[in-house]
Each structure stands twice: as structure tokens, then as C-alpha cells.
Amino acid sequence: MTPGIKPIVAGNWKMNGTLASLGEVQKIQEGYGESLQGKVDTLLCLPVTLIYPASEFLIDGNKNDGGIKIGAQDCHWNESGAHTGDLSVMQLKDVGATDIIVGHSERRADHGETSDVVRQKAEAVVSAGLTAIVCVGETQAERETGKTLEVVQAQLQDSLFNAATALNVMVAYEPVWAIGTGLVPSAGDVEEVHKMMREQLIERFKGEGAKMRLLYGGSVKPSNAVELMGVANVDGALVGGASLKADDFLGICEAYNSLI
């Protein structure tokens, strides 16, 4: 954790969930009580089909400071145009998204997205008045060859734009090999990467870099949340599979009751 930065637990549902899954959103809303509101922010990045019904369902959830926010998992960098199957930031904003993930490792791997593309998307998100969650992380092969810091540093440098601030950008470190595998780097490994990211952000963005939220993602669950969220410069979590179940997601949020 970073003193002075309010942490956030963000869920990434990926390509999971139908309208029937709104019951889990309701359970999260019911379990996110006043004791948590004062300690940790919450965000659910849902499939596009659920953004509007969820944002309508969470009454004033995107308007009140203490409410659960709804986000999206990707966007196109253009505002409109001949891009079949893509969605613009303005379209996502129109249906209730307040934050958008860009550069997730699955987008980088499955769709060949480069850090330059990620930067363009992040700029588009911020230009529309939303918050970008910029993802970075190394593969297993890169870790085994000792290139973790080199890879993450390069992605961070090339994926961020010069006007990024602590209000419009969060950075999520997600070691690719830990996503959905149950494998988790040690607290020391996470601390090393987050320390490097914080130093790089301060060097580039000065005071804004010191205040940017740095999230950890990769097999985060209630059983390891306290250890991971307590690491220096870890200001929250980007949660995958565990965010699909209200009890697991709230369990990760509850980690802050013992940390703060």
C-alpha cells in the first residue's frame, strides 16, 4: 500500500456473464457496506452486454463517491468510423462505463496489440473524461530469462502518454504467467516490480507519478489478498476469476479491514 492513496479493487469479468449474472452484482452491492466504502473503492469491468443494465441496476452507483463503478474491458481509439465490431470510448461512456481497461495481456497476445496501440487507447479514454487502467506484465519465458523489469519498464514507458495524471490513469501489473493459473509471484517479486514502476512514474510524471494507483493482478483471491495488498506500492487489485463470485470479490475487498 502507498500512504495517502485510497486503494481500489477492480473486477475483470472478461468474456463471462449473462443477464442472469446480475445477481452477483447485486450481492456485491449489498455486501459493500459503509465500513468498506471508507477504505477501498470498487469497480466492475463487465462484458459490454452487461454495462448498461448493471449501471442502471446500481442506483446512482456511478454518481456517488462511495458507489460501485462500472467499467469496460477494451475500446477502440477512434471516436467513430468504419471499425466493424469495435466500440468507441464515447459509446461505452454512453451506457455507463467510467473506467476502461487497455492493454490487458490477453489483448496484447490474442489481438497483437502493441504498446503504441495501448497508448492510443489510453489517450482516447482520458480524452473522453474516463479513467484508463493500463496493463503491463511479462511472460513466463521473460521472467525465466531475467527480463521482467526490462519488459515491464518498456511497456510502461510506451503505453503511457505524456498528459497522464493520477486522476485519469491507473497502472496494473499482471504477470502473464499468473493470470488464471493459480500461480502467484512472491510478495518480494511483486514489491520489486511495483517499486520500479513507482520510480519510473515519479521520474516521468513527478508528483503525479507518486500518486498514481498501481494495481496487482494475477490469481488474486481472498486467501492471498492480505499479503499481496499489503505490499509497498500496491494500491489495489485487478481481479479476474475471483470477481465473478460476490463472496470472493468481497473477500478481497475485506482484506483492507485488516490493513487499514
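Predicted model, so just to flag it, every value in this text is computed and none were measured. Because only heavy atoms are used, hydrogens play no part in the values below, and waters and symmetry mates are left out as well, while side chains stay in.
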For the [atom1] atom on [X], are there more than 12 heavy atoms of other groups (residues, nucleotides or ligands in this structure) within a distance under 6.0 Å?
| X | atom1 | result |
| --- | --- | --- |
| Q140 | CD | yes |
| D247 | CG | no |
| K221 | NZ | yes |
| K27 | NZ | no |

Which is it for N257 and E254 under the side-chain hydrogen bond (donor to acceptor under 3.5 Å, both in side chains) test, yes or no, and what are the steps along the way?
CA-CA 5 Å; N257 275 328; E254 286 287 348; 2.3 Å; yes
Side-chain heavy atoms under 4.5 angstrom apart, residues restricted to Ile, Leu, Val, Met, Phe, Trp, Tyr: same cluster for [X] and [Y]?
| X | Y | value |
| --- | --- | --- |
| V134 | F161 | yes |
| L201 | L215 | no |
| V234 | I5 | no |

Can [X] and [Y] be counted as having a side-chain donor-acceptor contact under 3.5 angstrom?
| X | Y | answer |
| --- | --- | --- |
| Q26 | E30 | yes |
| Y173 | E138 | yes |
| H104 | E174 | yes |
| T131 | N168 | no |
| E24 | S21 | no |
| R119 | T114 | no |
| Q91 | D94 | no |

I260 versus P7, closest heavy-atom pair with distance
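Scanning both residues, the minimum pair turns out to be CD1-CG, 4.2 Å.
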Please check: side-chain N/O of S55 versus main-chain N/O of V95, any donor-acceptor pairing under 3.5 Å?
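The answer is yes, because a donor-acceptor pair under 3.5 Å joins these two groups.
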What's the verdict on side-chain hydrogen bond (donor to acceptor under 3.5 Å, both in side chains) for R213 and T2, showing C-alpha distance, side-chain angles and the deciding distance?
CA-CA 9 Å; R213 282 167 161 168; T2 305; over 6 Å; no
R108 and S159: side-chain hydrogen bond (donor to acceptor under 3.5 Å, both in side chains), yes or no, with the steps?
CA-CA 12 Å; R108 292 179 186 259; S159 299; 3.0 Å; yes
